[in-house]
There are 2 protein chains.
Amino acid sequence: MASIIKTVKQIFMLFVLQCTKSNFALATIIESALEMCHSYSMNLKELAKHLNLSPTTVSRALNGYPEVGAETKRRVGAEAQRLGYQPNPHARRLATGRSHAIGHVFPTDRTLMIDPLFSDFVAGAAEIYAAHGFEVMLHAGGSEDEISVYRRYAQGGAVDGVVVLGPRVNDPRIAVLNKLKLPFIVHGRLDEHDDNYAWLDIDNRGAFQKATKLLTDLGHNRIGIINGLEDMTFALHRKQGYEYALRDKGISIDPMITSSGLMTEENGYRQTKRILQIANRPTALLLSSMLLVSGAMRAINEMGLHIGKDISVIAHDDGLPFLNAEGLVPSLTTTRSSIRAAGSRVAELLLNIITDADAEKPHELWSVDLIVRGSTGSVRV
Amino acid sequence: MASIIKTVKQIFMLFVLQCTKSNFALATIIESALEMCHSYSMNLKELAKHLNLSPTTVSRALNGYPEVGAETKRRVGAEAQRLGYQPNPHARRLATGRSHAIGHVFPTDRTLMIDPLFSDFVAGAAEIYAAHGFEVMLHAGGSEDEISVYRRYAQGGAVDGVVVLGPRVNDPRIAVLNKLKLPFIVHGRLDEHDDNYAWLDIDNRGAFQKATKLLTDLGHNRIGIINGLEDMTFALHRKQGYEYALRDKGISIDPMITSSGLMTEENGYRQTKRILQIANRPTALLLSSMLLVSGAMRAINEMGLHIGKDISVIAHDDGLPFLNAEGLVPSLTTTRSSIRAAGSRVAELLLNIITDADAEKPHELWSVDLIVRGSTGSVRV
DNA sequence: ATTGCGTCTCAAAGCGCTTTGGAAAAAACC
DNA sequence: GGTTTTTTCCAAAGCGCTTTGAGACGCAAT
């Protein structure tokens, strides 16, 4: 049945081609009818026949190989365009062994997936992929664990590479991916000087060190921090920066005014409240995400304190479009780095790795701007 | 060169197989060596040879066709498992014409992509896809417009179906997809009684009607609304519900206390401030998203008003995990519907459509709970 | 012994593309 | 003019799977 339909379509197709060739009056009408002939997709062989060329030549012409003459190339290109020919992606993948797709895997049992940072990162990456004719494949949760997904990806060449998100301390994924020889890049990194895998990271340590230093310079010596989950390397690095800056000034670290957990409005509120209720309460607060801010501000307001006066606040701003640090009152001092831009750059680097099989593995460390606004002030005496 | 490596691998592979067959002492060691032989992926033919069966039989056994005996099936399954055989996805797709992938396209020039609702929706959907062995393909921005992406998808069968997100008034996508015969489902819908395409929507109209009614019943007759972009159907429907409920009580609609725009913290703040500064200011406020809430609360606090007393607030809560309406102070009255659950259900429905080619197109309207909490109170006199 | 019917298995033909290894025609050299 | 080189093209062989159509076998019915 299906094949009958197909045959009919082919005949019809040939008819239309004849018409358009001979500038037949009905051509226009029929061409629009062709449009309706919904998803008829001509294949390479047909296109070749229509052009009186072999499939080989047509394929080469379309893929820009040098073995085919310029004029032929042009002719083929124009006709392919006119007839809306699209090579079948699966056939191409099978033949070339390259999938032109990048995999992104998110564990759903963790915070990461539900983290809105994700969508912004992927938005940035996806634009680059799209520009290079790559697709992005997503995998979330399900029964399969992240590592077996990678294994599966590597096996059949389902994707040409993957990006690893939200690296954790001692993250097992890196070793596996290296073993699988699946090109990958990590957004973030495990240790400062890792060089056996590609990564792009922001200088979390430096950022929080700078932020802490700003506060100590303003006279603060009781500084609280509300951080992300402590097995995430970004959170660890931020904490290190914080501790480093404190030690530098001879200020001791008080775990009571430290917190690590989910970056939600609610947690921002709770932890802020907890920390500010401590007898010797901090005069400044570092927040690891803008997502914590409104909760923290709520807690601060409730306690009758004023941001920038009674308590200084610095938050890390990933540039989420729905949370503007500058628009707050008072405007927020932040360490800022666009996660979307990071997504784009990560995509670029990964595509490079994929094309230049054995090029040097890139390591890119982005410094983070400390933008001083109204939420930080010298400590009140 | 590559082919030499491959040959070596195959020989090695055969060696390992022999060892494991004969329970050779070295088997364990070698098996682990095999593990290291990174991404060696055996193919169907090899597996068949190793089993002394034809590729046909093995393929059928693995895909559960009835033509192959139970015992053979078991044997094949066990051996495939043991050797970690995975059919090459591209070959399979080419042969079957089905891609086992679902497409999701996001325009990046609009708000939608950067909307964190997206990640939650996709998280829900992706789990279902994963459970059914489907991949999710994402496309964002780039130069290609959304409709040509669909066209491309339809052509080569790159995906088996797509989900349309954030439908707009007079959305052109639906007509195109219908013409392309590409299975699809819309999250949301254009008009109340649309039945020429599959959709799942929440009862936005009913939700905001209920919410508005709650407020009028509490004596409010000046009710403001801060809505999403007005060409999004969800926003339109919510507005209709709002207007309907007001008309029902004979309350006139004042465009001055109405707003539609991006759902960001900042816009929440601005619009709330604007609306509350109007001479005859509203005593209640409807917010179309939790993302607007903290901005709105900020504006309200700044003006020295108290939520639930001076002004009642109801927000729509999509169940974003980082924004908890119940944890706020006062806890927020909301119209609530989990966008993540919607994602899951949309995925299920789409998979049904794909398998049951010409089954009835599903239309599912989810009623929305109105959860009354502390942010609504009777109007002060 | 022949036929009929299940059950189990296989060889071979695709799916639509790329790519290898020439071959024919055109151009350039001696 | 004959030989080499370059240009331009092609036939055919895969890529790894599914699927069609049919063969081989055992067993009951004729």
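So you know, we letter chains A, B, ... as the sequences are listed, proteins then strands, and number each from 1.
- At least one side-chain nitrogen or oxygen of B:N63 sits closer than 4.0 Å to the OP1 or OP2 atom of D:dT18.
- For B:T56 and D:dT19, a side-chain-to-base donor-acceptor distance below 3.5 Å is present, hydrogens and geometry of angles not being considered.
- In this structure, the CZ atom of A:R60 is 11 Å from the P atom of C:dG21, given to the nearest Å.
- In terms of phosphate contacts, A:Y85 brings a side-chain nitrogen or oxygen within less than 4.0 Å of OP1 or OP2 of C:dC17.
- The shortest distance between the side-chain N/O atoms of A:T57 and the OP1/OP2 oxygens of D:dC10 is below 4.0 Å.
- When each of D:dA11, C:dC15, D:dG14 is scored by its nearest atom to the side-chain atoms of A:S54, the top-ranked nucleotide is D:dA11.
- Toward the 5' end of DNA chain D, the nearer of the two residues B:E67 and B:A91, judged by each one's closest nucleotide, is B:A91.
- Remark: A:S59 is in phosphate contact with C:dT18, judged by side-chain N or O atoms under 4.0 Å from OP1 or OP2.
- The nearest heavy atom of DNA chain C to B:P55 and to A:T96 marks one nucleotide each, and the one closer to the 5' end goes with B:P55.
- Look at CG on A:N88: it is 8 Å from C1' on C:dC17, rounded to the nearest Å.
- Protein atom NE2 of A:H90 is 24 Å distant from nucleotide atom P of D:dG14, rounded to whole Å.
- Regarding A:H100, its NE2 atom lies at a distance of 15 Å from the P atom of C:dC17, rounded to whole Å.
- Distance A:M42 CE to C:dC17 P: 10 Å, rounded to the nearest Å.
- Projected onto DNA chain C by closest heavy-atom contact, B:L53 and A:P87 fall at different nucleotides, the more 5' of which corresponds to B:L53.
- Ring geometry for B:F118 versus A:F118: interplanar angle under 30°, hence parallel rather than tilted (30 to 60°).
- Side-chain nitrogen and oxygen atoms of B:T72 include at least one within less than 4.0 Å of the OP1 or OP2 phosphate oxygen of C:dT9.
- OP1 or OP2 of C:dT19 sits under 4.0 Å from a side-chain N or O of A:Y65.
- With B:V58 as the fixed residue, the side-chain contact (heavy atoms from CB on, under 4.5 Å) test singles out one of B:T72, B:L47, B:N63, B:V68: B:L47.
- When the P atom of D:dA11 is taken as reference, atom CG of A:N52 falls 12 Å away, rounded to whole Å.
- When rounded to the nearest whole Å, the span between NZ of A:K73 and C1' of D:dT7 equals 12 Å.
- With 3.5 Å as the limit, one finds no donor-acceptor pair spanning the side chains of A:S59 and A:T56.
- Atom CD in A:E71 sits roughly 16 Å away from atom P in C:dA26 (whole-Å rounding).
- Ionic pairing of A:E348 and A:R345 is present here: one or more N-O contacts between side-chain nitrogen and carboxylate oxygen are shorter than 4.0 angstrom.
- Put simply, the residue from B:V159, B:D145, B:L177 that forms a side-chain contact (heavy atoms from CB on, under 4.5 Å) with B:Y150 is B:L177.
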